[in-house]
Amino acid sequence: MGLLEMINFIVPSAIFYAAPLIIVALGGVFSERSGVVNIGLEGLMVVGAFTGVVFNLFFVDVFGDATAWVSLIVAIIVGMLFSLLLAVAAVSFRADQVVTGVAINLLAVAATIFLVKKLFDKGQTDTIAVNFSRIDIGWFNQIPIIGDLYWTSILAIVLAFIAWGIIYYTPFGLRLRAVGEHPAAADTMGVNVTKMRYIAVMISGAMGGLGGAIYAQSISQDFGHATITGQGFMALAALIFGKWHPLGAMGAALFFGFAQSLSIVGTSLPFFSEIPTVFLYILPYVLTILALAGFIGRASAPKANGVPYIKGNR
Amino acid sequence: MEYVIEMLNIRKEFGSFVANDDITLQVKKGEIHALLGENGAGKSTLMNVLFGLYQPEGGEIRVRGEAVNITDPNVANKLGIGMVHQHFMLVENFTVTENIILGNEMTKAGIVDKRKASKRVKKLSEQYGLNVDPNAKIEDISVGMQQRVEILKTLYRGADILIFDEPTASLTPQEITELIQIMQRLVQEGKSIILITHKLKEIMDVSDRVTIIRKGQGVGTVVTAETNPNELASLMVGRQVEFKTVKGEAFPKDTVLLIEDLTVADYRGVEKVKGLNLEVRHGEIVGIAGIDGNGQTELIEAITGLRKVKGGKITISGKDVTGKKPRKVTEAGVGHIPQDRHKHGLVLDFPIGHNIALQTYYQAPISKGGVIHYEKIAEQAKRIIEKYDVRTQSEATPARALSGGNQQKAIIGREVERDPDLLIAALPTRGLDVGAIEFIHSRLIEQRDRGKAVLLISFELDEVMNVSDRIAVIYDGQIIDEVLPQDTSEQELGLLMAGQSDRKTKAGANEHV
Amino acid sequence: MSNRTTNLLVPVLAVVLGLLVGAIIMWVSGYDAIAGYAALWDGIFGDLYRVGETIRQITPYILAGLAVAFAFRAGLFNIGVEGQLIVGWFAAAYVGVAVELPKVIHLPLAILAAAAAGALWGFIPGLLKAKFHVHEVIVTIMMNYIALHVVNALIEVVTGGSERTERIFPSASLRSPFLEALTDYSRLHYGIIVALIMVVVMWFILDKTTTGFELKSVGFNQHASQYAGMKVDRNIILAMVISGAFAGIGGAMEALGTFEYVSSKGGFTGIGFDGIAVALLGMNTPIGVVLGATLFGSLKYGALNMPNAANIPVEIVGIVTAIIIYFVAASYVIRLLIERAARKKEAK
Amino acid sequence: GEEETPEVAGDTGDEPTEEEVFSVAMVTDVGGIDDKSFNQSAWEGIQRFGEDNNLEQGDGGFDYLQSASDADYNTNLNNLIRRGFDLVFGIGFLMEGAVAEIAQQQPEAQLAIIDAVVEEPNVASVLFKEQEGAFLAGVAAALMTETGKVGFVGGMEIPVIERFEAGFRAGVEAANPDVEVDVQYTGAFDKAELGKTTANRMYSAGADIIFHAAGATGNGVFTEAKERKEQDPDANVWVIGVDADQYDQGAVGDTNVTLTSVLKRVDNAVYDISTMAMNGEFPGGETIVYGLEDEGVALADSRGAITEDVLAQIEEFKQQIVAGEITVPETVE
Ligand SMILES: Nc1ncnc2c1ncn2[C@@H]1O[C@H](COP(=O)(O)OP(=O)(O)OP(=O)(O)O)[C@@H](O)[C@H]1O
Ligand SMILES: Nc1ncnc2c1ncn2[C@@H]1O[C@H](COP(=O)(O)OP(=O)(O)OP(=O)(O)O)[C@@H](O)[C@H]1O
Ligand SMILES: [Mg+2]
Ligand SMILES: [Mg+2]
């Protein structure tokens with residue numbers, strides 16, 4: 001592979017790999033910016049992937065080619081409802097948010113696989129018939145490098161910029177950040193901390209569901225225990241790596257994607273093909289650590305992140 | 001009805017503990033009404049009730065004659081009640097404007113209209129002569145400025161009843177005078193003010209009437225013009241008291257602390273201490289007078305090893321401790337009462353007993369061969385709590401649950417009991433009641449009389465004047481002058497602190513060592 | 001009602017609630033809940049074999065729980081227990097097969113190797129946190145994947161291309177014919193004793209040593225700790241190292257007890273992640289961890305008997321476990337309920 | 001044999017199985033009985049055996065247990081033996097240790113293991129010559145490729161998968177030495193995205209047929225091929241499935257990207273062993289290797305994707321292997 005082909009290959013596949021991570025990480029940004037730690041992203045993704053695939057399988061006759069898109073909407077809704085579990089515990093019940101997140105993850109896997117067994121009576125679903133695939137517009141595909149894109153990738157990037165706009169330029173965003181930094185202050189200013197945190201967590205639910213559904217319908221094309229295996233945690237990493245900033249999270253996810261693709265292209269490079277494959281397997285993770293230690297440095301979380309807000313308590 | 005605020009027979013409980021017990025407070029329109037009481041008397045609680053942060057268990061609240069039920073700060077805001085909290089309610093990484101408009105933002109096409117907002121903030125701040133920069137980040141502006149932002153927040157919401165909870169506790173003299181002017185202007189504009197402060201002088205200066213509470217109970221209300229500081233003090237504690245720091249002559253001996261043209265940068269890398277020289281001797285209290293932000297913080301942190309030294313030399317009793325780790329410095333015989341008791345002074349989630357052991361936990365008798373003996377910690381804690389009259393249920397109570405005054409007493413006890421050659425006390429009486437202040441001052445003097453050296457950093461002129469034997473004026477990272485309290489007036493000192501020193505030219509050259 | 005009784009009641013109620021919800025789900029989806037729980041109970045306590053296996057299952061959970069809890073007490077969130085456990089597993093197994101020595105040397109050596117490997121895996125994030133302020137959560141997540149691939153590669157190297165090492169020499173094994181005979185050929189091994197010793201070790205470090213005092217202090221307030229002359233960086237690294245060592249020993253339990261070998265892993269064992277739940281169930285205290293691990297391990301193991309004896313998918317137990325953890329996390333509500341109930345009583 | 005129903009130590013009080021019926025059960029690894037792979041295939045074999053001997057699913061008939069983790073194998077094997085099944089299969093090399101251990105503890109029990117060898121008198125070991133099936137796949141690929149470039153996507157680098165690789169390479173070599181084989185392992189069986197990106201790389205680099213032996217990672221290979229097919233219906237991209245017939249996974253509208261699949265007839269093996277055991281000829285202590293010869297491995301119906309003449313040539317190679325004229329290597333040298 002020549003250099004140009006390599007770039008031509010790496011860039012799109014990096015974006016492709018990153019898309020679900022970006023979206024899920026964005027959800028995390030909202031939740032944690034409001035002060036609710038979200039370890040449950042993995043679980044939310046699982047629920048989204050499950051919903052997407054199952055809905056797709058059952059309603060493909062109804063919606064035809066649009067099925068994949070409709071499934072996304074359904075996954076968003078289900079993800080939101082599921083995230084209510086986290087919201088209620090973390091906001092209303094003053095629960096330890098990390099524990100709750102862990103519980104969410106366990107519950108998501110157990111419940112979805114259980115349902116799959118009920119619905120299909122086997123451990124994984126059939127393969128979906130209608131899925132997302134590359135954009136198919138003549139002129140578009142001619143564009144070098146990015147030509148080889150997916151609507152879902154574009155959606156992810158657009159969402160990142162929208163999230164950025166919302167968080168930094170709207171009243172909602174201002175209040176969101178205030179609630180995550182200094183809830184008492186926001187409270188005395190008449191901002192409803194509870195409401196803000198509920199909304200934020202449910203956004204993360206929606207995004208988690210969306211990301212999971214996109215992953216399942218564009219990559220695995222079925223759902224089982226092997227479908228979502230750690231992507232949610234990679235999204236969590238992306239959100240911290242990106243310093244709780246929407247565009248930062250996007251950048252981090254793209255970085256993962258880049259590293260991942262590089263490790264795959266690697267084999268076709270003279271230098272890489274010499275060294276044992278294990279070094280290629282771990283390349284993405286090592287690169288991430290080096291990047292963090294090297295030039296990214298300290299990431300400072302929202303001050304009130306993980307702290308339940310109790311009126312009149314300092 | 002002439003009263004804008006009436007709090008009648010208010011009762012507030014925290015679990016079994018009664019913080020407010022049948023307290024009545026009536027505020028007239030256009031007056032400055034002072035609220036006085038010892039630490040933990042229940043002032044903040046009462047105000048938090050008025051502001052809707054706490055719901056009272058009993059009593060009635062009337063605003064402009066109307067009986068009201070203030071369920072949360074929103075309601076208070078709508079009723080025109082604004083509160084300047086003791087611990088500022090500001091989002092550190094927001095701009096002034098963002099903090100002020102938060103909650104009722106003005107928008108253009110769904111986007112926050114920052115330009116318009118900051119214009120309005122600017123206008124408002126000019127109207128009341130607050131001159132704050134609407135676009136500055138909170139973390140970059142001085143405590144005084146932050147407080148003005150708090151005031152602006154209330155004004156922006158059209159409050160005409162303002163509550164100030166210990167507004168002067170963390171201000172420099174200049175800032176205090178300015179604040180007082182601001183309050184007076186506010187009253188002229190027809191606003192009413194409730195002022196919590198421990199400084200009787202301020203009460204005498206600005207307030208029209210004073211309501212005193214003692215241990216959660218209302219003692220009564222007096223007209224300021226018809227009373228005097230001593231009467232107020234006695235009402236506050238419930239017995240005849242005379243708060244006057246008695247202090248004999250000092251007999252300085254050989255040098256303990258010697259600082260030679262020390263240079264220190266702050267966390268941004270900006271030089272804050274610029275070739276500073278200072279000497280503190282056995283048996284004397286040296287007060288560092290200066291306006292906040294002239295390098296005091298960096299100076300202390302450099303001495304105690306909490307911050308890197310860029311240049312110069314620090315020696316303690318002849319031992320070079322420049323750039324040494326905090327523990328080395330401590331063991332060289334330094335005690336440190338830190339400026340920020342919640343950040344450096346205490347592990348708030350630790351029992352107060354552990355906090356008292358924070359400097360000695362690793363030494364015998366508490367620790368032997370890496371094994372720690374908590375019963376020893378408890379013994380020590382009980383002793384110090386007793387001796388320094390720290391008001392707490394037990395040594396096992398989390399530090400967080402103590403009132404600031406008592407938290408401070410615990411820290412003083414911890415540091416003084418180690419009997420260090422040099423005791424550094426940074427703003428040791430911030431936020432404390434007169435009784436506690438007097439107590440702490442006499443501890444410092446006691447140390448001096450026992451031949452120890454004391455370095456006192458304070459923004460409060462009278463504290464510096466009363467307690468120090470020698471005053472070093474710090475300005476722009478240098479000691480620009482040294483004066484003796486007895487032959488200097490507060491005015492002169494104030495001018496020096498502002499950097500207006502006739503002897504300033506000599507400042508660089510005062511190598512008195 | 002006294003605080004102690006409440007503290008005891010909360011988890012109990014959480015468990016009851018969890019089982020209740022589980023029953024409802026089974027009932028709704030047409031399973032016989034009674035039979036299901038009978039099978040679960042049977043799967044845990046049914047006979048000596050199962051009791052033995054249950055304890056065997058609890059063992060690694062205790063250590064994973066200790067690892068997470070210990071880091072938490074020092075203010076660190078170690079999601080990397082999974083990876084630390086995997087490298088520990090390999091290290092122990094490798095020492096177990098590489099040499100044959102007298103048991104008194106071989107077994108301790110293998111366990112130490114595991115502890116060292118886990119400690120190393122914890123040291124890296126600790127160092128990065130202390131020196132470069134890199135968030136430990138990301139680094140530990142990355143270290144998990146690295147552990148997985150590196151161990152798989154190492155297995156291939158040391159076995160010359162196989163996916164699984166030989167059985168370890170008996171001299172390195174934690175198995176004991178006595179315990180197996182006692183429990184009707186279960187794989188119960190002496191690991192449980194090792195685990196309980198580690199529980200004591202953690203308790204001792206945290207509550208009896210000067211270091212423990214420092215670790216807790218740093219966990220609460222780094223500024224004050226620095227003011228008090230503690231070496232914050234050193235404590236952070238130390239906390240991660242000790243945490244990793246616990247996790248590594250957890251791996252040794254699998255390598256020297258349950259399996260007696262290590263094989264290439266297609267994915268994570270899950271023990272490390274479950275350790276988070278165990279630790280937090282146990283409120284990050286040593287004793288709490290034992291209880292949390294017991295609950296978690298028993299349910300996990302007993303679950304196997306539900307499809308076996310009652311034809312109910314194991315996932316039901318996963319759901320129940322999740323709900324229990326959820327309610328423990330949200331103990332605040334449960335406390336409220338308890339206190340309400342208590343007041344009502346007093347009123348009467 | 002059938003007359004001695006196993007006296008299992010600590011037999012739980014399940015009702016004893018009737019003398020004449022022969023009951024059989026299996027333990028799956030974490031994949032489960034529908035992994036579109038050997039677990040599924042094994043379960044099909046057991047079900048067929050059940051039907052042919054009119055057994056019910058459940059005690060005294062046929063049944064399975066799925067494992068949630070590697071630690072569960074022992075327990076599941078034990079549970080089935082306790083329930084009185086006459087023959088219990090452990091499916092997959094991962095169960096080697098567990099089967100060996102249980103076999104020693106329960107000398108009366110009859111066990112069998114797939115894909116591994118356990119030298120115990122009461123265990124029948126079953127191996128497959130994956131390389132022979134893969135060899136034919138290699139032949140098919142070499143003869144069908146238009147670009148002269150084919151790919152192999154592996155999961156983890158473990159012997160079973162390496163046998164597939166070795167066979168595939170050999171097959172290509174034998175059929176057309178000029179055809180280039182692009183081999184890449186993904187290091188995982190559960191990372192579809194890696195499978196997809198790898199396939200993308202290979203197709204982009206000019207390969208037109210990819211053989212995957214990577215479990216769920218292989219889903220990604222299919223996804224990539226299908227996408228390219230959707231984008232342009234006459235794109236020449238093919239996938240060769242593994243273990244079971246993966247034709248259904250390759251469906252794109254009314255076309256299909258599945259060239260064929262390398263079948264591993266675990267079902268046949270399981271059926272065989274069960275029958276032998278039922279007739280009292282349980283091959284305890286023996287290792288039985290299934291290859292092309294005895295339908296243990298085979299190519300799936302290509303449904304017209306492979307041309308007649310190519311099929312003919314494949315058949316020839318098959319005969320040569322069966323006749324022992326060609327011995328397919330198990331490892332890549
Ligand atoms: N949220 C709370 N929970 C429990 N006790 C509380 C709470 N808030 C206040 N208290 C207790 O009520 C008493 C009164 O506290 P308050 O803050 O009103 O005193 P204060 O007069 O403001 O003291 P200071 O002069 O130091 O500010 C104190 O003993 C304090 O410990
Ligand atoms: N959660 C809590 N539990 C117990 N007491 C509390 C709690 N929160 C606040 N307090 C007490 O409420 C009172 C008001 O808090 P605050 O921080 O104003 O104390 P303070 O005495 O004013 O200290 P300072 O003057 O240093 O600010 C203090 O006595 C504090 O100890
Ligand atoms: Mg107060
Ligand atoms: Mg106070």
Side-chain angles (χ1 to χ4, degrees), chain A residues 37 39 43 85 88-90 92-118 123 225-226 229-230 233-234 236-238 240-241 252 276-282 284-289 292-294 296-301 308, chain C residues 25 29-30 72 77 79 124-125 127-128 131-135 137-154 156-157 266-268 273-274 276-277 279-281 283 312-334 336:
Chain A
V37 168
I39 303 288
L85 282 174
V88 172
S92 304
F93 295 173
R94 303 176 187 179
D96 179 319
Q97 298 172 3
V98 174
V99 196
T100 317
V102 173
I104 296 276
N105 290 336
L106 290 173
L107 183 62
V109 175
T112 50
I113 298 295
F114 176 78
L115 285 173
V116 168
K117 285 186 176 173
K118 277 315 284 180
H225 65 86
T229 51
F233 285 103
M234 288 304 280
L236 180 67
I240 299 171
F241 193 164
T277 47
V278 60
F279 291 105
L280 289 173
Y281 299 156
I282 64 174
Y285 313 109
V286 174
L287 277 182
T288 304
I289 293 176
L292 283 161
I296 314 293
R298 161 185 265 117
S300 58
Chain C
I25 294 174
S29 43
F72 255 117
F77 185 19
I79 305 194
I124 294 168
L127 182 75
L128 293 175
K131 296 293 174 209
F132 302 99
H133 307 290
V134 184
H135 202 299
V137 166
I138 321 178
V139 182
T140 48
I141 290 175
M142 301 298 148
M143 293 298 287
N144 285 341
Y145 289 98
I146 297 176
L148 192 61
H149 290 298
V150 167
V151 163
N152 285 346
L154 285 176
E156 212 186 348
V157 172
F268 292 123
F273 296 115
D274 295 347
I276 300 172
L280 297 159
L281 275 177
M283 322 238 159
I312 298 173
V314 281
E315 284 74 22
I316 276 289
V317 177
I319 296 175
V320 171
T321 317
I323 293 168
I324 293 174
I325 297 171
Y326 183 86
F327 280 116
V328 170
S331 54
Y332 169 72
V333 237
I334 300 186
L336 280 187

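The chains referred to below are lettered A, B, ... by the order of the sequence lines, with proteins before strands, and numbering in each begins at 1.
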Query raised in the report: Is there a side-chain contact between A/I39 and A/I104, using heavy atoms and a 4.5 Å cut-off?
Result: no

Requested in this report: Identify which part of A/L85 has an atom lying under 4.5 Å from any heavy atom of chain C, answering side chain, backbone, both or neither.
Outcome: both

Report task. For the residue pair C/I146 and A/V286, establish whether any side-chain heavy-atom pair is separated by less than 4.5 Å. Result -> yes

Report summary line: Max heavy-atom pairs within cutoff under 4.5 Å with chain A, candidates C/I316, C/V320, C/L128, C/T321, goes to C/I316

Query raised in the report: Do the non-hydrogen side-chain atoms of A/V98 and C/F72 ever get within less than 4.5 Å of each other?
Result: yes

Query raised in the report: Under a 4.5 Å heavy-atom cutoff, which of A/A237, A/A108, A/S92 has the most pairs with chain C?
Result: A/A237

Query raised in the report: Rounded to the nearest 0.5 Å, what separation is found between the CD1 atom of A/I113 and the CD atom of C/E315?
Result: 6.5 Å

Query raised in the report: What part of A/T288 gets closer than 4.5 Å to chain C, counting heavy atoms only: side chain, backbone, both or neither?
Result: side chain

**Report entry** Segment of C/S331 engaging chain A (4.5 angstrom heavy-atom cut-off)
**Finding:** neither

Query raised in the report: Less than 4.5 Å apart, any side-chain heavy atom of C/V328 and any of A/V99?
Result: no

Query raised in the report: Which bit of C/I25 is near chain A, if near means a heavy-atom gap under 4.5 Å: side chain, backbone, both or neither?
Result: side chain

**Report entry** Contact origin within C/N144 toward chain A - heavy atom pairs under 4.5 Å
**Finding:** neither

Report task. With a 4.5 Å cut-off on heavy-atom pairs, point out which of C/A153, C/A277, C/S29 contacts chain A the most. Result -> C/S29

Query raised in the report: If you tally heavy-atom pairs under 4.5 Å against chain A, which of C/I319, C/L280, C/I334, C/V139 wins?
Result: C/I319

Query raised in the report: Are any of the side-chain heavy atoms of A/V102 and C/F273 separated by less than 4.5 Å?
Result: no

Report task. Measure the acute angle between the ring planes of A/Y285 and C/H149, then classify it against the limits of 30° and 60° as parallel, tilted or perpendicular. Result -> parallel

**Report entry** Contact class of C/F77 relative to chain A, heavy atoms under 4.5 angstrom
**Finding:** side chain

Query - Rounded distance [0.5 Å steps], CD1 in A/I282 versus CE in C/M143 - result: 9.5 Å

Query - Toward chain A, the part of C/V150 with a non-hydrogen atom under 4.5 Å - result: both

Query - C/I141 versus chain A, the contacting section by heavy-atom distance below 4.5 Å - result: side chain

